[in-house]
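See below for the structure under consideration.
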Amino acid sequence: MDGMSGSRRGSGGPSPRALSIRGSVLLPEAELIWRFSRSSGPGGQHVNTTDSQVELRFDLAATTALPEVWKERALERLAGRLSDGVVTVRASEHRSQWRNRETAAVRLAALLAEATAPPPRPRRPTRVPRGINERRLREKKQRSETKRGRSARDWG
């Protein structure tokens with residue numbers, strides 16, 4: 001072995017080094033705050049000993065990882081979810097802390113990707129083509145004639 005503890009295998013442990021939002025924008029691991037606690041609900045004896053619930057916090061107001069425009073957009077759109085400029089995501093579906101960490105990271109990335117997306121293009125109003133309008137009026141007149149032909153006054 002190379003002198004490190006042998007508890008972890010792979011390239012960097014359970015969480016990614018940086019969280020990809022959209023395009024080339026990444027959230028550095030240093031700005032992500034992880035907290036672990038025991039999950040509620042059923043799970044047998046195992047649940048009493050493991051901190052499998054994951055809470056991932058990201059200080060949106062203080063970050064320098066996001067472009068300024070994205071940051072303002074996200075702060076505005078996530079205003080109801082923020083607590084002192086910090087966005088929090090929780091995951092406790094899985095029994096494994098590692099899988100909950102992955103779930104929380106994916107949720108945060110999706111939340112920020114949606115919150116920083118550019119607004120949709122404004123709709124350009126278009127006119128109804130004259131042919132379509134004329135056809136509608138013609139069909140309306142025809143329907144009216146059909147219904148008038150059914151009236152009981154001609155019946156004798």
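Computed from heavy atoms alone, side chains included, the values below leave out hydrogens, waters and symmetry copies.
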- Query: Is a side-chain N or O of Thr146 found less than 3.5 angstrom from the main chain of Gln142, in a donor-acceptor match?
  - Reply: yes
- Provide the closest heavy-atom pair for Ser96 versus Ser52 in the form atom of the first, atom of the second, distance. C-CB, 4.4 Å
- Query: Is a side-chain donor-acceptor pair under 3.5 Å present for Arg136 with Asn133?
  - Reply: yes
- Message: Could you see if Val106 belongs to whatever hydrophobic cluster contains Trp98? Use Ile, Leu, Val, Met, Phe, Trp, Tyr and a side-chain cutoff under 4.5 Å.
- Response: no
- Message: For Asn100 and Gln53: C-alpha separation, side-chain torsions, deciding distance, then whether side-chain contact (heavy atoms from CB on, under 4.5 Å) applies.
- Response: CA-CA 7 Å; Asn100 280 332; Gln53 177 173 283; 5.6 Å; no
- Within a radius of less than 6.0 Å around CD of Glu76, do more than 12 heavy atoms belonging to other residues, nucleotides or ligands occur? no
- Item | Contact check, side chains of Glu114 and Leu78, non-hydrogen atoms, under 4.5 Å | no
- Going from CZ on Arg57 to CH2 on Trp34, what distance comes out if it is rounded to the nearest 0.5 angstrom? 13.5 Å
- Message: For Glu102, is there an ion pair with Arg99 - N to carboxylate O distance below 4.0 angstrom?
- Response: no
- Message: Quick test of your reading of the model: are Arg107 and Glu93 salt-bridged, counting only N-O distances below 4.0 Å?
- Response: yes
- Distance from Arg148 atom CZ to Lys141 atom NZ, nearest 0.5 Å? 10.5 Å
- Item | Spacing of CG belonging to Leu111 relative to OG1 belonging to Thr116, to within rounding of 0.5 Å | 9.5 Å
- Reported CD1-to-OG1 distance for the pair Ile33 and Thr88, which is rounded to 0.5 angstrom: 8.5 Å
- Message: Apply side-chain contact (heavy atoms from CB on, under 4.5 Å) to residues Lys140 and Ser144 and explain how you reach the verdict.
- Response: CA-CA 6 Å; Lys140 200 171 167 166; Ser144 152; over 6 Å; no
- Note on the structure: side chain to side chain contact (heavy atoms under 4.5 Å, CB included) with Glu31: of Leu66, Thr64, Leu60, Asp59, only one passes, and it is Thr64
- Is atom CZ of Arg73 surrounded by more than 12 heavy atoms (other residues, nucleotides or ligands) closer than 6.0 Å? yes
- Task: Determine whether Val86 and Trp70 fall in the same hydrophobic cluster, where Ile, Leu, Val, Met, Phe, Trp and Tyr are linked whenever their side-chain heavy atoms lie under 4.5 Å apart.
- Result: no
